[in-house]
Amino acid sequence: MDTPPFSELGLPDTLLAAIETLGYERPSPIQAMSIPPALLGKDLVGLSATGSGKTAAFTLPALAKLDVRQGHPQVLILCPTRELAVQVCEEVHRLGAKMPGLHATPVYGGAPIDRQLRALRSGAQLVVGTPGRLLDHLRRGSFDPSRIQMAILDEADRMLDMGFKDEMDELLAALPAGRQTLFFSATMNPGVSRLIQKFGNSPEIVEIQQKARTVSTVDQSYFEVRQRSKVEVLSRILDMNPPRLGIIFCNTKRSVDECTEDLVNRGYAADRLHGDITQQMRERVLKRFRDGAVEILVATDVAARGLDIDEIDIVFNYDLPTDPEDYVHRIGRTGRAGRSGRAVSFVYGREIYRMQSIERYTRSVVRRERIPSVEQVEGRRADLIFDDLKERLESGKFDAYQDNIDRLLEQGHTPTDIAGALVTMIREASGREGSAIEEDREPERPARRENRDARPPRDDRGPRPDYQDRPDRSERPGPPRGGFQAADGGMTRLFLSLGKTHGVMAKEIVGMLYREAGLPDGCLGRITLFPKHSLVDVPEQFVGQVIDRTRTARLRGRPFRMDVDRGPQERP
Ligand code: AMP
């Protein structure tokens, strides 16, 4: 669904600035449809599944209405579980990051009540809580409902399923009659209708219609992969089957920037498109993509709109889209004009439920795949080299180098050894240094539930994937499970006196460091290349070892200096 930009929804600048920082490029359908009427003060019933962006759909209007100068509860958000209350409160803080004086607090059962009492007494304006504990505070007098202007019921159907009917009734009855109420629910059922009838004021109903779409010509699969290992897995998949052209879809501009940078550092011909790219630049990137000079385009949904290229053989959902329709649009970029196409999605933890919604929406089964091992990738790369070699031999298009080869033969090297050494050199020259992938316990694939949007069981929601799970930049690539672990997780940034202008590539720095400094597999963090220098994140405990052992090492035949980075001022 095409949605208008956030700036057209009537939101104040402070919130638009926070949205910009988060990198949300455009509203999801539930956001586009709920925010304007909610800002007008209307009651609302939002029928939308988990993962559709509904938290921001109610949080944004709530924050727009809130007066940070008033130190009393103004907005109440009811959630079924403690986890959800915490997650919603985190989203409130993210979206309210540019609102100094904002005070939001989660209130839930199973946690000491004192801290909650203090937070409520110290002027919380927005309270997010589970019905039982909130009622407790209401009865104790620690939660003052008298000046609540907006009440939001998140997952109303689930709260009723969990037996919170009486608590909800009592809480809602205690709120001022003139307040605005927003009901969000994945399903409409008699219990939810009763609540709306009793506590709503002619609400507007916003329903995200999910038209079933099929995408039968595209081979769809997904990999379970953590945020921090995405680039490594992406590289392995690309190396296993190098595409002619591929598109990688990300949900935010920031994700596009990071992914592109990582791919370029790893030596791929990648470029990016997102809303901040000028029209002129966009055209240049697209031309290079069409010509094949750029093989991998990293883009947001909006930026890829109107892109009409038939030869795309693979599409990645680097971040799973919030709107299943976007999934259909994204993967529809491949498998065109009678060609075969492949769509690969990265999913982690609770995102599996979003993947299930997508399967239902597209009425197709998305196959789970195993991440190829480094050995498989190496084997495949060798196969590809031998395929090329065979083609070259058969075509006869190569130079003889007779004298040089004769000389090697005279020195006692066998033809097999010479050929083997040559292939190794080609592989090293074209190869990318793989890093370890942090493998976690694999999340169980939940049983399918018919007639309901897929949702995790009660009290079982993990952290949100996109921002909360976003690792610190220096964490990537992560250490392997059971293998290396940084002593306290601390990384130190090292300065290396060679950079892009010296022709250095990230993979060469990685190779040199593992080889020369004898570091354990997978321990290196982020590597950033600048024209004249590079920065490398190394676990604290290996800093001395790295500096000592690389003193006489060379990169691209050049000596270099490696030291703890002392910041931009001290760099040459
Ligand atoms: P929710 O349905 O509220 O659980 O949101 C699902 C995920 O989508 C969360 O990780 C949000 O941070 C993310 N999200 C929400 N709105 C947007 C948007 N407009 N663009 C990109 N990501 C979003």
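Residue numbers run from 1 in the order of the sequence given. Order of listing sets the numbers, starting from 1, for every ligand and every atom in it.
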S.K.: Do I358 and L320 have side-chain heavy atoms sitting under 4.5 Å apart?
M.R.: yes

S.K.: Should E25 be counted as touching ligand 1, given the test is an N or O pair under 3.5 Å?
M.R.: no

S.K.: Name all residues meeting the ring-ring contact (aromatic ring centres under 6.0 Å, His included) criterion together with F289; count only those two or more places apart in sequence or in a different chain, and write none if there are none.
M.R.: none

S.K.: If I apply the N/O under 3.5 Å rule, does F6 come out as touching ligand 1?
M.R.: no

S.K.: Would you say ligand 1 has an N or O under 3.5 Å from any N or O of Q31?
M.R.: yes

S.K.: Check ligand 1 against K54 and write out every atom of the ligand that is under 4.0 Å from a heavy-atom position of the residue.
M.R.: 1 (P), 2 (O), 3 (O)

S.K.: Which is it for L84 and D154 under the side-chain contact (heavy atoms from CB on, under 4.5 Å) test, yes or no, and what are the steps along the way?
M.R.: CA-CA 9 Å; L84 196 55; D154 187 11; 3.7 Å; yes

S.K.: Within the 4.0 Å heavy-atom shell around G53, which atoms of ligand 1 are there?
M.R.: 1 (P), 2 (O), 3 (O), 5 (O), 15 (C)

S.K.: Assess, by modelled atom type and distance only, whether the side chains of Q220 and Y327 contain a donor and an acceptor separated by less than 3.5 Å.
M.R.: yes

S.K.: Could you check whether E232 pairs with R226 (Lys NZ or Arg NE/NH1/NH2 to Asp/Glu carboxylate O, under 4.0 Å)?
M.R.: no

S.K.: What orientation do F346 and F223 show, parallel under 30°, tilted 30 to 60°, or perpendicular over 60°?
M.R.: perpendicular

S.K.: Do any N/O atoms on R26 end up under 3.5 angstrom from N/O atoms on ligand 1?
M.R.: yes

S.K.: Is the shortest N/O to N/O distance between T55 and ligand 1 below 3.5 Å?
M.R.: yes

S.K.: Show me which atoms of ligand 1 lie under 4.0 Å from any heavy atom of T322.
M.R.: 8 (O)

